[in-house]
Amino acid sequence: MNWGNELLASGIWLGKAMLITVLVSSIAIWLTTRFSRWGRQFLRLAGDFFRPVNNGWRPLLTILLVLLVTLAGVRVNVLFSNWYNEMYASLQKLDAKLFWASMLIFAVLASVHVGRSLFEVYIQQAFVIRWREWLNERMLSRWLQGQTFYRTQHLADPVDNPDQRIQQDIASFVSSSLSLSMGVIDALVSTFEFTLILWGLSGVLAVFGLEIPRGMVFAVYLYVIVATVFAFGIGRPLIRLNFLNEKLGADYRYALVRLREYSESIAFYRGHLVEGAQLRQRFGRLIDNSWAILFRNLKFTGFNFVVSQTAAVFPFIIQAPRFFSKQISLGDMVQTAQAFGQLQDNLSFFRRAYDDFAQYKAVLDRLTGFLDAAEASDALPCAHTQPQSSGLQLGQLDVTTPDGRPLLSGLSLSLAAGNALLIRGPSGSGKTTLLRAIAGLWPYCQGNIGYPLDSVLFLSQKPYLPLGSLRDALSYPQAAVADADRIQRTLQAVQLGHLASRLDEEADWSRILSLGEQQRLAFGRLLLAAPKVAFLDEATSAMDEGLEDALYRLVRSQLPDTVLVSVGHRSTLLVHHSHQLQLQGEGRWLLQ
């Protein structure tokens, strides 16, 4: 081999290989995305990332660079194969000059190999990070858009563990997409190159008296194809088992999170025994599935070990007669074994990577299932909400339960700035559901709703306090208010002045503050936000009547133009509201 011309020859080879690979890959991608379900799933998840009109040329150029580096790795392996032949031939010939020349060539090849490998790691990981960042933003935005994170709860088949799908499955999808695609290209190109090498080295193979020219090439293909068919049969159940493993693991983790989130309630009920039984039951299902995966992997991996170990000695057995009859040199025999092993390894890629493909298919199903649920939530009906400058208008609003039972029929009302409406009625009559319908959260309603969409605040019975500082919690969902004097006055007004010194202390305030203190904090939010419309759903249930009266008078004095819509049972609330809506059940209502 003329190593002096190898740099030019390798450059020409890389150019041809790159052109052919891009062309063949483009055709394969088109066929896959058009005629296979998982191809369409991939296109749905990642198509926009690679479209220059949506995301520029950088992703495409980067993937082409990754492809070039991968093909360079194939070329380096071919050069190493030729180097092995020359090095062992020099030993057989006792040619010291040729041996030391081959060592110098090895130093150059090894340096190129190390540099290429390090650059490959960098460029692939950088590409994965950027792709993951893009896909995470897309999925997260889709989850938040139009209150999808809430509305999916009303689907007949709600998506399970969306947090895991966003955090874990996206990372797995991105890394697996790159590693498996480059693995396939590397395997196919290497298969072609080492087939040519083995074709030149193999001779006639005698099988039961039948002489087969270049028989070793046919033998390795037959060997791997048969092994792959058996491997696919053994490994097929891993697709379903891996999908279940992700789901059951996420279910168990979610149950543990709920135990922490509702720890006080569970402790009051002394429900630790029930919770423990449920947690052990969920964990038991996870372990049962893990055992099933283990036994299936033992069969799969054991079969792969047998195939690989048999392949290690197969070429030596085939070439031994030719070597001992001096038809081939030691270098030829070693290169034959190396080429056979490389070819067998490349052809076995799909067999060995079957488990990876199984996990990848499960991830595709989970991520596209996530998008299906988001799109299904968009298709759920909702009342027509129209923005207006002030007040609250409801026109012919019908609200039903999911099974179609009427809660409100033909509700129409008009509240001007400064009006206040108290919604009352027996439990289950739809008071909170009416607020959900107005907020656009309840899908089982129709009619017309109008209010200032950009100046509205909902206060629930148990206020949500985000993780972070007390200042953040008081300002939520707006940016933290920087005016210290205003915050101090607000805390004093809602009788939380003792917390003024802890404004910038970061903690889980929902566990530190009592429910009554949390409700007073919510009234502080209301005063700071000063919305044009405010909805209060049992927002004073944890307060005594005196404190409730004081806070309502405070809101009326500081926010005289705000429309208040309250849900409550106490008759003491009547004095603070100009209108009363009495829900009477079965869709009937009375406005006073």
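For the single chain, residues carry numbers from 1 onward in sequence order.
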Discussion item. Applying salt bridge (Lys or Arg N to Asp or Glu O under 4.0 Å) as the test, list every pair that has at least one member in residues 141-156; sequence neighbours left out.
Written reply: R142-D378
Worksheet entry | Any side-chain heavy-atom pair of V24 and T21 under 4.5 Å | no
Worksheet item: Between G425 and S429, which heavy-atom pair has the shortest distance, and what is it?
Response: C-OG, 3.7 Å
Discussion item. What I want to check is whether the side chains of Y444 and T433 have a donor and an acceptor closer together than 3.5 Å.
Written reply: no
Discussion item. Evaluate D365 against Q41 for side-chain hydrogen bond (donor to acceptor under 3.5 Å, both in side chains), listing each step before the verdict.
Written reply: CA-CA 8 Å; D365 289 340; Q41 288 177 314; 3.0 Å; yes
Practice prompt. Please lay out, stage by stage, how L244 and L286 fare under the test side chain to side chain contact (heavy atoms under 4.5 Å, CB included).
Written response: CA-CA 8 Å; L244 283 175; L286 176 62; over 6 Å; no
Worksheet entry | Flag, side chain of S181 to backbone of L178, donor-acceptor distance under 3.5 Å | yes
Worksheet item: Does D48 pair with R51 as a salt bridge, N-O distance under 4.0 Å?
Response: yes
Discussion item. When you measure from the side chain of S475 to the backbone of D472, do you find a donor-acceptor pair of N or O atoms at a distance under 3.5 Å?
Written reply: no
Fill in: Set of side chain to side chain donor-acceptor pair (under 3.5 Å) partners for D251, sequence neighbours left out
N161, K247
Practice prompt. Using atom types as modelled and distance alone, determine if a side-chain donor or acceptor of D169 lies under 3.5 Å from a backbone N or O of V363.
Written response: no
Fill in: Backbone N/O of T32 and side chain of S36: donor-acceptor pair under 3.5 Å
yes
Item to complete: Assess the side chains of Q446 and H384: does a donor N or O sit below 3.5 Å from an acceptor N or O?
Response: no
Discussion item. Would the distance check show the side chain of T33 and the main-chain N or O of R40 forming a donor-acceptor pair, the cut-off being under 3.5 Å?
Written reply: no
Worksheet item: Would you call R424 and L574 a side-chain contact if the rule is heavy atoms closer than 4.5 Å?
Response: yes
Fill in: 4.5 Å side-chain heavy-atom contact, V563 and L421
no
Worksheet item: Are any non-hydrogen side-chain atoms of P59 and R130 less than 4.5 angstrom apart?
Response: no
Worksheet item: What is the minimum heavy-atom distance between G391 and P452, and which atoms define it?
Response: O-CD, 3.3 Å
Worksheet entry | Donor-acceptor contact below 3.5 Å, side chain N289 vs main chain L241 | yes
Discussion item. Quick check: do S263 and R511 have side-chain heavy atoms less than 4.5 Å from each other?
Written reply: yes
Worksheet item: Ion pair present between R44 and E375, side-chain N to carboxylate O less than 4.0 angstrom?
Response: yes
Worksheet item: Does the side chain of Q518 reach to within under 4.5 Å of the side chain of L465, using non-hydrogen atoms?
Response: yes
Worksheet item: If only atom types and distance count, is the side chain of R525 paired as donor or acceptor with the main-chain N or O of A473 below 3.5 Å?
Response: yes
Discussion item. Just by distance, no angles: are the side chains of D163 and Q168 close enough, under 3.5 Å, to form a donor-acceptor pair?
Written reply: no
Discussion item. A quick test of your reading: do over 12 heavy atoms of other residues, nucleotides or ligands sit less than 6.0 Å from OH of Y150?
Written reply: yes
Fill in: Reported CZ-to-CZ distance for the pair R132 and F127, which is rounded to 0.5 angstrom
14.5 Å
Worksheet item: What is the minimum heavy-atom distance between A437 and I449, and which atoms define it?
Response: O-CD1, 3.5 Å
Worksheet item: Do the side chain of R138 and the main chain of L45 share a donor and acceptor less than 3.5 angstrom apart?
Response: yes
Worksheet item: Does atom CZ of R280 have more than 12 heavy-atom neighbours, drawn from other residues, nucleotides or ligands, at distances under 6.0 Å?
Response: no
Discussion item. Give me the atom names and distance for the closest heavy-atom approach of L380 to P443.
Written reply: CB-CB, 3.7 Å
Worksheet item: How long is the span from the CG atom in L527 to the CD1 atom in I487, to the nearest 0.5 Å?
Response: 12.5 Å
Fill in: Neighbour count >12 (heavy atoms, 6.0 Å) for atom CZ, F50
yes
Practice prompt. Using a 4.5 Å cut-off on heavy atoms from C-beta on, say whether the side chain of L411 contacts that of L434.
Written response: yes
Discussion item. Can you confirm whether E133 is buried at CD, in the sense that more than 12 heavy atoms of other residues, nucleotides or ligands lie under 6.0 Å from that atom?
Written reply: no
Worksheet item: Is the number of heavy atoms from other residues, nucleotides or ligands within 6.0 Å of CH2 (W38) greater than 12?
Response: no
Worksheet item: Any donor-acceptor pair under 3.5 Å linking the side chain of S412 with the backbone of Q396?
Response: yes
Practice prompt. State whether a side-chain donor-acceptor pair under 3.5 Å links S469 with E505.
Written response: no
Discussion item. What I want to find out is whether D356 reaches K361 closely enough, with some N-O distance under 4.0 Å, to be called a salt bridge.
Written reply: no
Can I get a per-line list of side-chain donor-acceptor pairs under 3.5 Å for residues 585-592, giving both atom names and the distance, sequence neighbours left out?
from, atom 1, to, atom 2, distance (Å)
E586, OE1, R588, NH1, 3.3
W589, NE1, S409, O, 2.8
Q592, OE1, Q580, NE2, 3.2

Worksheet entry | Sub-6.0 Å ring centroid separation between W143 and F149 | no
Worksheet item: Do side-chain atoms of Q461 reach the backbone of S541 as a donor and acceptor pair under 3.5 angstrom?
Response: no
Worksheet item: Are D508 and R260 close enough for a salt bridge, meaning some N to O gap below 4.0 Å?
Response: no
Discussion item. Testing the basics here: between A373 and V159, what is the closest heavy-atom pair and its distance to 0.1 Å?
Written reply: CB-CB, 3.8 Å
Worksheet item: Using the benzene-type ring in the case of Trp, are the ring centres of F173 and W131 under 6.0 Å apart?
Response: yes
Worksheet entry | Donor-acceptor pair between S172 and Y360 side chains, under 3.5 angstrom | no
Worksheet item: Between the side chains of R556 and T562, does any donor sit under 3.5 Å from an acceptor?
Response: no
Worksheet item: How many angstroms lie between atom CZ of R520 and atom CG of L554, to the nearest 0.5 angstrom?
Response: 12.5 Å
Worksheet item: Do the side chains of F535 and S460 get nearer than 4.5 Å, heavy atoms only?
Response: no
Worksheet entry | Shortest non-hydrogen separation from I170 to M139 and the atoms involved | CD1-CG, 3.6 Å
